[in-house]
Amino acid sequence: MRRFALVTCLVLGACDRSGSTTSTPPQVEDADPLDKASTLLLSSLQAGDYDGLRKQTVDPLTPDLSRPEFDDLAAIVQWLGALQSRTETKTDPNYGGGQRWYELQFEKGSVLELEVSIDPQGKLTGFEFTGDGYTEAERGVLAEPWREFK
């Protein structure tokens with residue numbers, strides 16, 4: 001299986017606002033563009049809504065997000081269950097429209113990390129799931145006897 005991490009154009013900046021937290025599950029109505037992008041990403045993956053997510057992305061992410069890759073990632077996020085909390089760990093406002101890192105806790109599995117990047121209009125340009133929780137979820141999906149990754 002190809003190690004799935006949608007590594008996108010990640011340009012690391014120097015700004016760090018560590019320690020800021022949001023411990024409630026996100027709402028689609030989030031006013032902050034980075035929070036809104038992460039909420040739409042997670043909602044689309046939970047719902048298996050490929051077309052909905054593609055409407056929220058721009059180059060260079062749009063051509064990188066194939067249907068089979070989306071389906072594999074959606075299976076992983078769906079395996080995790082409902083999002084219990086989202087904690088902001090770092091923000092870089094100097095990248096395009098911004099870049100933010102979160103720790104996510106779902107119903108199942110350990111905490112995992114999510115990095116999102118947006119353009120100045122708030123469209124998703126990149127994201128990456130990492131951490132032990134992500135690896136655990138990947139293995140959980142692979143352990144399902146009927147599951148086949150593309």
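Because the structure is a prediction, the values reported are computed rather than measured.
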Task: Side-chain donor-acceptor pair present, Q99, E115, cut-off under 3.5 Å - done: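 Yes, because at least one side-chain N or O of Q99 sits under 3.5 Å from a partner of the opposite role on E115.
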
Open item on the list: When you compare the side chains of T62 and T57, does any donor N or O come within less than 3.5 Å of an acceptor on the partner?
Closed with: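 Side chains of T62 and T57: pair found under 3.5 Å.
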
TODO: Check side-chain hydrogen bond (donor to acceptor under 3.5 Å, both in side chains) between Q105 and all other residues, then give those that pass, not counting sequence neighbours.
DONE: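 Scan of Q105 (side-chain hydrogen bond (donor to acceptor under 3.5 Å, both in side chains), adjacent residues dropped) gives none.
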
Between [X] and [Y], which heavy-atom pair has the shortest distance, and what is it?
X	Y	result
F106	V77	CE2-CG1, 4.4 Å
P33	I118	CB-CD1, 3.6 Å
A137	L80	CB-CD2, 3.5 Å

Within this structure, what is the [atom1]-[atom2] distance for the pair [X] and [Y], rounded to the nearest 0.5 Å?
X	Y	atom1	atom2	result
L73	F129	CG	CZ	5.0 Å
D51	Q56	CG	CD	12.0 Å
S85	E103	OG	CD	8.5 Å

Open item on the list: Would you say CG of D132 has more than 12 non-hydrogen atoms from neighbouring residues, nucleotides or ligands within 6.0 angstrom?
Closed with: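 12 or below, so no.
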
Task: Sidechain-backbone polar pair: T89 side chain, W101 backbone, donor-acceptor under 3.5 Å - done: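 Between the backbone of W101 and the side chain of T89 there is a qualifying donor-acceptor contact (under 3.5 Å).
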
Task: Pairs involving residues 34-64, ordered by first then second residue, that meet ring-ring contact (aromatic ring centres under 6.0 Å, His included) (sequence neighbours left out) - done: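 As it turns out, the ring-ring contact (aromatic ring centres under 6.0 Å, His included) pairs with a partner in residues 34-64, which skip direct neighbours, are Y50-F70.
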
Task: Those residues that, when tested against R67, pass salt bridge (Lys or Arg N to Asp or Glu O under 4.0 Å) (two or more places apart) - done: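 So R67 forms a salt bridge (Lys or Arg N to Asp or Glu O under 4.0 Å) with D71.
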
